[in-house]
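Just so it is clear: chains get the letters A, B, ... in the order the sequence lines come, proteins before strands, and each one is counted from 1. Remember, predicted model here, so these are calculated numbers, not experimental data.
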Amino acid sequence: MQQLSIYNTLSRQKEVFKPLHQGRVGLYVCGPTVYGDPHLGHARPAITFDILFRYLSRLGYKVRYVRNITDVGHLENDADEGEDKIAKKARLEELEPMEVVQYYLNRYHKAMEALRVLPPSIEPHASGHIIEQIRMVQKILDNGYAYVSKGSVYFDVEKYNKSHHYGKLSGRNIEDMLSATRSLEGQDEKKNAMDFALWKKASPEHIMRWPSPWSDGFPGWHIECTAMGTRYLGEEFDIHGGGMDLLFPHHECEIAQSVAALNKESVRYWMHNNMITINGQKMGKSLGNFITLEEFFNGSHPMLTQAYAPMTIRFFILQAHYRSTVDFSNEALQASEKGYSRLMDIYSRLQELEPAETSTVNLSDLRQKCFDAMNDDLNTPVVISHLFEAGKAVNSIFDGNAAISAGDLKELREVFALFVSEILGLDPSTASQDNAKAEAERAAYKAVVDLLLELRLEAKANKDWAQADKIRKQLAELGFKVMDTKEGFDWKWSAP
RNA sequence: GGUUCCUUGACCGAGUGGCUAGGUAACGGUCUGCAAAACCGCUUACGGCGGUUCGAAUCCGCCAGGAACCUCCA
């Protein structure tokens, strides 16, 4: 039985994870706002919580993983005066808002699939849950924590803070914030600068709008997660995740909303992944310094010296702990690419090993060491280090300098399959999209390469080095890397 | 200005009081017709200055540098 500890932002320490309902876990993660191509930053939470989802499932929990799609409600820079982001983009491109949503959502899904991020159990759209959001706003109004102003509804932060602590998640207090709040113009609708919108009345040109008791308009920035989390996971659920940049105000507002509407805090464990930086700065939409995932995959961005495979990106992210920032650079990515390739070589060699009578290596504690690392707040870099450590043994056995018994070999293969493939979600197969035909084709060309190398072996036996080198050289030009071994040869292919 | 956090060897990146990960690169060695791969080694790195302690990268204080959030952001 494994005991998972996770870092809870609420308590600022690691806590043993205990689910609300035995055997089941409710997990909610803030998903993307689909008005632009997914970039490297989007990969971080997706992969982080994919690992959590996979791991919890592996521990035997029945997990309901909800990751929302924000397709309404977020305002432009000028806060309340702005128009809906989706609507603005739609007008610029003369597309229907839902067309824009669908386009970028498809691209997001495609990128996530390439990164081997499993789809969540439910992927609710904010636009599909307007009724739930209106109901929740009404509840907050009924409970006296909100007020209507010119057709919009605002959360009364000051009132809420009299009986609850607004700022408990992000470690702030209302007094500090009041002194630091900038005086934005055009906020006369609000009683207080800190109050946030629960419902916004739409301006005449605003095309995304829904009827409500207060006005034709759209829901506020934060209510969707509270409404959809409650709808699918209940008034109280286990884990809520997201990027650290959402800690304040988004998640803080979520807590206030659920307390105001339901009279209870919905979330037991708050988890936040750190940012990916570029030149030491956060990679993000607002700074315009982001590189899209597609650009990584095809190497088209000017800052990239080459293309990087999706698995390289995934491995790169997993080599750092999710609560640390990770700095992007070509150098770091290239190191990950080689490291990943090495790990995959180890994995495939492991499948080829022949068992011996007894083992000269001791890897019996590998499984638990990997579990221990995962149990310690999902420490994937340490899991990876254990795998590499075991990889040295694998290579030694492969070279004939060590031996492994049939039982130990079986265990080792199981542990690798479990952690490399199942939990870390890395792809151990040489090609990802398998089908019977491609498999047969691959088998055929493998046989041909083997045949050529048999010929080369003969040439070598005859000391015909010219012939031997010629075969190797020409194969190399086609992308086949030939490696001589004691028994004969080994080879692998990668794009030349 | 407020809140939170970070600073590890050539590079990336684990590590919350003694056992000093891992990857990448460079270099040396083994193996080998050559090469590649693999294996071994690479001689103790933790921003600075103090303090606590038998003992600190790890705890405390000060200083320096950097970041995130306070506005849409993963």
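For rG50(B) and rG41(B), the P atoms lie 36 Å apart once the distance is rounded to whole Å. Atom name C1', nucleotides rA38(B) and rA45(B): the rounded distance is 28 Å, in whole Å. Annotation: rA14(B) and rC70(B) have their P atoms spaced 24 Å apart (nearest Å). Going from the C1' atom of rC6(B) to that of rG47(B) covers 11 Å, rounded to whole Å. Across the C1' atoms, rU58(B) and rC46(B) are found 10 Å apart, a figure rounded to whole Å. Going from the C1' atom of rG13(B) to that of rG55(B) covers 27 Å, rounded to whole Å.
Both distances falling under 3.5 Å, in either a Watson-Crick or a G-U wobble arrangement, place rU7(B) opposite rA64(B). rG33(B): no Watson-Crick or G-U partner with both key distances under 3.5 Å is found in any strand. Both distances falling under 3.5 Å, in either a Watson-Crick or a G-U wobble arrangement, place rG1(B) opposite rC70(B). With a cut-off of 3.5 Å on both pairing distances, the Watson-Crick or G-U wobble partner of rG41(B) is rC27(B). Within the shown strands, rG51(B) is the pairing partner of rC59(B) under the Watson-Crick or G-U definition, both distances less than 3.5 Å.
The pair Arg54(A)-Asp50(A) meets the salt-bridge criterion, since a charged nitrogen lies less than 4.0 angstrom from a carboxylate oxygen. Salt bridge Lys369(A)/Asp372(A): absent, no basic N to carboxylate O contact under 4.0 Å. Looking at Arg314(A) and Asp427(A), no side-chain N of the basic residue comes within less than 4.0 Å of a carboxylate O on the acidic one, giving no salt bridge.
Of the side-chain N and O atoms in Thr485(A), none sit less than 4.0 angstrom from OP1 or OP2 of rA38(B). Put simply, Lys338(A) has a side-chain N or O that comes within less than 4.0 Å of OP1 or OP2 on rA25(B). Between Lys282(A) and the phosphate of rC69(B), there is a side-chain N or O to OP1/OP2 separation shorter than 4.0 Å.
Here Lys392(A) lies in heavy-atom contact (under 4.0 Å) with sugar-phosphate atoms only. Among the atoms of the strands shown, only primed sugar atoms or phosphate atoms (P, OP1, OP2) are found under 4.0 Å from some heavy atom of Glu389(A). The residue Met275(A) sits close to a base: some heavy atom pair falls under 4.0 Å. The residue Ser329(A) sits apart from the nucleic acid: no heavy atom pair falls under 4.0 Å. Contact annotation for Val326(A): backbone-only contact, meaning every heavy-atom pair under 4.0 Å involves sugar-phosphate atoms and none involves a base. At the heavy-atom level, Leu333(A) lies nowhere under 4.0 Å from the strands shown. As judged by a 4.0 angstrom heavy-atom cut-off over every strand, Asn379(A) is placed among residues touching the sugar-phosphate backbone only. Residue Gly41(A) is in base contact, counting any heavy-atom pair closer than 4.0 Å across all strands shown. Within 4.0 Å of Arg342(A), counting heavy atoms only, lie sugar-phosphate atoms of the nucleic acid but no base atom.
On a pure distance criterion of 3.5 Å, a polar donor-acceptor pair joins the side chain of Asp484(A) and the base of rC34(B). Side-chain atoms of Arg472(A) and base atoms of rA35(B) include a donor and an acceptor less than 3.5 Å apart. The base of rG66(B) does not come close enough to the side chain of Asp327(A) for any donor and acceptor atom to sit less than 3.5 Å apart.
For an aromatic pair to be called close, the ring centres must be under 6.0 Å apart, and Tyr166(A) with Phe155(A) fails this. For Tyr232(A) and His129(A), the gap between ring centers is short of 6.0 Å.
In this structure, Gly284(A) and Pro249(A) both approach RNA chain B, and ranking their closest nucleotides by distance from the 5' end singles out Pro249(A).
For Arg349(A), taking side-chain heavy atoms from C-beta onward, the closest of the listed nucleotides rG33(B), rA37(B), rA14(B) is rA37(B). Among the nucleotides rA74(B), rG13(B), rU4(B), the one closest to the side chain of Ala320(A) is rG13(B). In the set rA74(B), rC70(B), rA14(B), rC70(B) carries the atom at the smallest distance from any side-chain atom of Arg172(A). When the nucleotides rA74(B), rG22(B), rC39(B) are ranked by their closest atom to the side chain of Ser385(A), rG22(B) comes out on top. Nearest nucleotide to the side chain of Gln319(A), out of rA68(B), rG23(B), rA14(B): rG23(B). Candidate nucleotides rA21(B), rA74(B), rA37(B) were compared by shortest atom distance to the side chain of Met483(A), and rA37(B) ranks first. Among rC70(B), rC11(B), rG13(B), the nucleotide with an atom closest to any side-chain atom of Glu331(A) is rC11(B). Distances from the side chain of Lys481(A) to the nucleotides rC70(B), rA25(B), rA36(B) place rA36(B) closest. In this structure, the nucleotide among rU24(B), rG33(B), rC39(B) sitting nearest to the side chain of Ala335(A) is rU24(B). Of the candidates rA38(B), rA68(B), rC34(B), the closest approach to any side-chain atom of Asp469(A) belongs to rC34(B).
With Tyr7(A) as the aromatic partner, Arg323(A) meets the cation-pi criteria of under 6.0 angstrom to the ring centre and within 45 degrees of the ring axis. The cationic group of Arg456(A) does not satisfy the cation-pi geometry with Phe489(A), failing either the under 6.0 Å distance to the six-membered ring centre or the 45° limit from the ring axis.
Distance Leu366(A) CG to rA21(B) P: 18 Å, rounded to the nearest Å. rA67(B) atom C1' lies 17 Å from atom CZ of Arg323(A), rounded to whole Å. As a whole-Å value, the separation of His321(A) NE2 from rC12(B) C1' is 17 Å. If you measure from atom CD of Gln13(A) to atom P of rU16(B), you get 15 Å, rounded to the nearest angstrom. Rounded to whole Å, atom C1' of rU24(B) lies 16 Å from atom CE of Met344(A).
Looking at Tyr55(A) and Asn375(A), their side chains do bring a donor and an acceptor atom within 3.5 Å of each other.
Under the stacking definition used here (centres under 5.5 Å, planes under 30°), the residue Trp465(A) qualifies as stacked on the base of rG33(B).
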